[in-house]
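Here is how names work: the chains are called A, B, and so on, in the same order as the sequence lines, proteins then strands, and each is numbered from 1.
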Amino acid sequence: MKIATWNVNSLKVRLPHLLDWLAARQPDVVCLQETKLEDGKFPCAEIAAAGYQVVYAGQKTYNGVAILSKQPLLDVAAGIAGYDDLQQRVLAATVDGMRVICVYVPNGQSVDSDKYQYKLAWLQALTRLLRDELTRYPKLIVLGDYNIAPEDRDVHDPAAWAGSVLVSEPERAAWRELLALGLKDSFRLFDQPEQTFSWWDYRMAAFRRNMGLRIDHILLSDTLAPSCTGCVVDKDLRKLERPSDHAPVVAELAG
DNA sequence: ATGGCGGCTCGCAGCCGA
């Protein structure tokens, strides 16, 4: 099965791209971030017509997450239990016995901002949630926009980015804590082309010059990781008119 | 060169993303 994550940066604007992409690629499960839609405005009919069930947790202007699936979505839960968050950033559902958790990690803005402290606290809360979920769901997949480039090879210009938000050591330490729960970065299970990224700034012709970061990730529990047969970034959507600044990441699981 | 682009809003300027 094919399972994907994509930060759409407004589902309203990106819906035509999404529908074309679903038809072309036929992923089984798709997690979306930054839908930026109140639930009453979610395009349910269009997504149903494309052959997908969908659950979503949105808000006006910012954030918002959704899970699309060809198979039924069960035991749906939004947010992080025990962590009050007005921002809609987490959505979980069970698909075919596999727990799927869609995450939109806070950006953090800059390392000296309140938003950065929120990001670090939020990542701690996510770690607690995932530790708990892993006790109940050995087959766990956590995918989304992590807003962390885990290593320097995930950054187009590590020297220019050194110490800044998205690459700072506390963020990378939080990333390693997630992996230490028993999760694998599916992208790094395979040989990959150098300079593979999932986000490029809209400015400075960054996509054309491949000035990007790899910040969108698919984490697989140690139980699930052996069944992963590939993980790629699908850059085609970033080449279209009016693209999202993120490209989808797609993992293939056997069986 | 801290700008640049593109999304959003009780909008027409300012905030936010990454």
Side-chain angles (χ1 to χ4, degrees), chain A residues 5-18 31-43 56-66 85-90 102-123 126 143-175 187 195-218 233 235 237-249:
Chain A
T5 178
W6 187 28
N7 180 323
V8 291
N9 186 20
S10 169
L11 183 54
K12 180 183 175 182
V13 174
R14 234 63 68 189
L15 183 61
H17 288 182
L18 175 66
C31 290
L32 303 178
Q33 303 87 37
E34 286 208 86
T35 56
K36 300 187 178 182
L37 286 175
E38 290 173 294
D39 288 349
K41 297 184 176 176
F42 198 90
Y56 42 88
Q59 64 187 94
K60 190 191 288 189
T61 312
Y62 302 116
N63 311 310
V65 283
D85 191 357
L86 295 173
Q87 305 187 19
Q88 298 282 18
R89 296 181 174 278
V90 176
C102 174
V103 299
Y104 175 45
V105 176
N107 170 282
Q109 198 165 63
S110 66
V111 294
D112 56 2
S113 72
D114 292 344
K115 293 188 173 72
Y116 182 78
Q117 295 305 320
Y118 164 64
K119 179 179 192 173
L120 295 179
W122 193 96
L123 284 163
L126 178 67
L143 63 170
D145 177 357
Y146 285 76
N147 271 316
I148 300 171
E151 303 174 65
D152 279 354
R153 61 178 165 163
D154 301 311
V155 180
H156 70 92
D157 185 346
W161 278 86
S164 69
V165 73
L166 313 187
V167 310
S168 74
E169 182 48 35
E171 291 165 88
R172 287 176 166 178
W175 166 264
F187 184 81
Q195 305 283 304
T196 298
F197 307 121
S198 67
W199 169 86
W200 302 261
D201 201 307
Y202 283 121
R203 297 165 290 187
M204 299 187 299
F207 181 67
R208 182 177 58 72
R209 301 157 70 190
N210 199 29
M211 297 168 61
L213 304 175
R214 192 176 70 91
I215 55 176
D216 300 271
H217 307 297
I218 299 177
V233 178
K235 287 176 73 171
L237 281 176
R238 189 62 175 78
K239 300 169 183 169
L240 301 175
E241 292 294 313
R242 269 191 111 179
S244 168
D245 43 358
H246 295 252
V249 181

Query raised in the report: So what does A:Val165 touch, heavy atoms closer than 4.0 Å: a base, only the sugar-phosphate, or nothing?
Result: nothing
Could you go through nucleotides 9-16 of chain B and list every protein N or O atom that sits under 3.5 Å from one of its N or O atoms, giving the distance for each pair?
| residue | atom | partner | partner atom | Å |
| --- | --- | --- | --- | --- |
| B:dC10 | OP2 | A:Lys60 | NZ | 3.3 |

Query - A:Arg214 CZ to B:dA18 P, straight-line distance once rounded to whole Å - result: 16 Å
**Report entry** Rounded distance in Å between the C1' positions of B:dT2 and B:dC12
**Finding:** 25 Å
Query - Contact under 4.0 Å: A:Arg242 side-chain N or O vs B:dC5 OP1/OP2 - result: no
Query raised in the report: Got a salt bridge between A:Arg203 and A:Asp245, using NZ or NE/NH1/NH2 to carboxylate O under 4.0 Å?
Result: no
Query raised in the report: Can you check the A:Asn63 CG to B:dC8 P distance for me, whole Å?
Result: 14 Å
**Report entry** B:dC16 versus B:dG4 - spacing of their C1' atoms, nearest Å
**Finding:** 16 Å
Query raised in the report: Please give, in whole Å, the distance from B:dG6 P to A:His17 NE2?
Result: 13 Å
Query - Closest-nucleotide ordering on DNA chain B, the 5'-leading residue of A:Arg89 and A:Pro243 - result: A:Pro243
Query - Between P of B:dG4 and CZ of A:Arg209, the distance in whole Å - result: 16 Å
Query raised in the report: What integer number of Å spans the P atoms of B:dC10 and B:dG6?
Result: 23 Å
Requested in this report: Report the C-alpha distance between A:Ile215 and A:Asn7 in whole Å, list the side-chain angles of each, state the deciding distance to 0.1 Å, and finish with yes or no for side-chain contact (heavy atoms from CB on, under 4.5 Å).
Outcome: CA-CA 10 Å; A:Ile215 55 176; A:Asn7 180 323; over 6 Å; no
Query - P atoms of B:dA13 and B:dA1, separation to the nearest Å - result: 30 Å
Report task. Give a yes/no on whether any side-chain N or O of A:Tyr104 is located under 4.0 angstrom from OP1 or OP2 of B:dA18. Result -> yes
Query raised in the report: Has A:Asn7 got a side-chain N or O lying under 4.0 Å from the OP1 or OP2 atom of B:dA18?
Result: yes
Query raised in the report: Hey, which of these two, A:Arg14 or A:Asp145, hits DNA chain B nearer its 5' end, going by closest nucleotide?
Result: A:Arg14
Requested in this report: Using a 4.0 Å heavy-atom cut-off across all strands, classify A:Asn147 as base, sugar-phosphate, or nothing.
Outcome: sugar-phosphate
Query - Check: A:Glu34/A:Tyr104 side-chain N/O donor and acceptor closer than 3.5 Å - result: yes
Query raised in the report: How far does NZ of A:Lys235 sit from CG of A:Asn210, to the nearest 0.5 angstrom?
Result: 4.5 Å
Requested in this report: Can you see which heavy atom on A:Val155 is nearest to which on A:Val167, and at what distance?
Outcome: CG2-CG1, 3.8 Å
Report task. Please state how far atom CG in A:Asn9 lies from atom C1' in B:dC8, giving the value in whole angstrom units. Result -> 9 Å
Requested in this report: May I have the distance from A:Asn107 (atom CG) to B:dG17 (atom P), rounded to whole angstrom?
Outcome: 5 Å
Query raised in the report: Over how many whole Å does the gap from A:Phe197 atom CZ to B:dA18 atom C1' extend?
Result: 14 Å
Query raised in the report: Taking only side-chain nitrogens and oxygens of A:Ser10, does any of them come within less than 4.0 Å of OP1 or OP2 of B:dC8?
Result: yes
Query raised in the report: Can you find a heavy atom in the side chain of A:Arg214 that is under 4.5 Å from one in the side chain of A:Pro150?
Result: yes
Query raised in the report: So do A:Val105 and A:Leu123 actually touch side chain to side chain, heavy atoms under 4.5 Å?
Result: yes
Report task. Working to the nearest 0.5 Å, report the span between CZ of A:Arg238 and CH2 of A:Trp6. Result -> 11.0 Å
Requested in this report: To the nearest Å, give me how far apart CH2 (A:Trp199) and C1' (B:dA18) are.
Outcome: 4 Å
**Report entry** Atom C1', compared across B:dG11 and B:dG7: separation rounded to whole Å
**Finding:** 13 Å
